[in-house]
Amino acid sequence: MFLFVSISIVTFSSSCRRAEMEPPAEILTDSVLVNILTDSYILNAAFNQTAGTIKDSVSQAYSQQILDKYHISQEVLEENVEWRYAQERMDTIFNMMMERMNYLEDHIPRRQ
């Protein structure tokens, strides 16, 4: 949730300014960004029904694991999201994220 909330904050602040931006020092590919956002969305959904300090601490630990999985920092992620917003590419990224989530859902083994 921590990661997802951070991305949401960057999203809101970035949507207010569309000025020309310098690209971030470390540019994530669209596919990596889609995977990170998908993982973050799934993490947020998993913790949606949980409350309290346990939720916050476990969510932060899992959020850090997502960043570690992709070998990036929160700052690199935020810079990339903000830059994509400035380029007006986040709609495309979010559509790709939804396609990935649909693909994953279609390939989850069903209980019988």
Q | Any donor-acceptor N or O pair under 3.5 Å, side chains E78, Q74 | A | yes
For residues 34-50, the salt bridge (Lys or Arg N to Asp or Glu O under 4.0 Å) pairs (sequence neighbours left out) are D39-K69
Extract all donor-acceptor atom pairs below 3.5 Å that involve side chains of residues 23-31 and protein atoms in other chains or at least two apart in sequence.
residue : atom : partner : partner atom : Å
T29     : OG1  : S31     : OG           : 3.2
T29     : OG1  : V32     : N            : 3.2
D30     : OD1  : R84     : NE           : 3.1
D30     : OD1  : R84     : NH2          : 3.0
D30     : OD1  : R89     : NH2          : 3.4
D30     : OD2  : R89     : NH2          : 2.0

One should read off an interatomic distance between I66 CD1 and T38 OG1, to the nearest 0.5 angstrom, of 10.0 Å
Sequence neighbours excluded, the answer for side-chain contact (heavy atoms from CB on, under 4.5 Å) partners of E75 is S73, E79
Hey, any chance I42 and V81 share a hydrophobic cluster, counting ILVMFWY side chains that come within less than 4.5 Å of each other, even indirectly?
no
Quiz item: Could you walk me through whether L37 and F94 pass the side-chain contact (heavy atoms from CB on, under 4.5 Å) check?
Solution: CA-CA 8 Å; L37 294 176; F94 282 129; 4.2 Å; yes
Rounded to the nearest 0.5 Å, the CD1 atom of I93 sits from the CD1 atom of I36 at a distance of 10.5 Å
OG of S40 to CG of L67, rounded to nearest 0.5 Å, is 7.5 Å
Cut-off 3.5 Å, no hydrogens considered: what does the side-chain donor-acceptor table look like for residues 98-107, sequence neighbours left out?
residue : atom : partner : partner atom : Å
R100    : NE   : N35     : OD1          : 2.8
N102    : ND2  : M98     : O            : 3.3
H107    : ND1  : Y103    : O            : 2.7

Output for pair (M21 CE, Y85 OH), nearest 0.5 Å, gives 13.0 Å
CG (L33) and OH (Y70) are apart, to the nearest 0.5 Å, by 10.5 Å
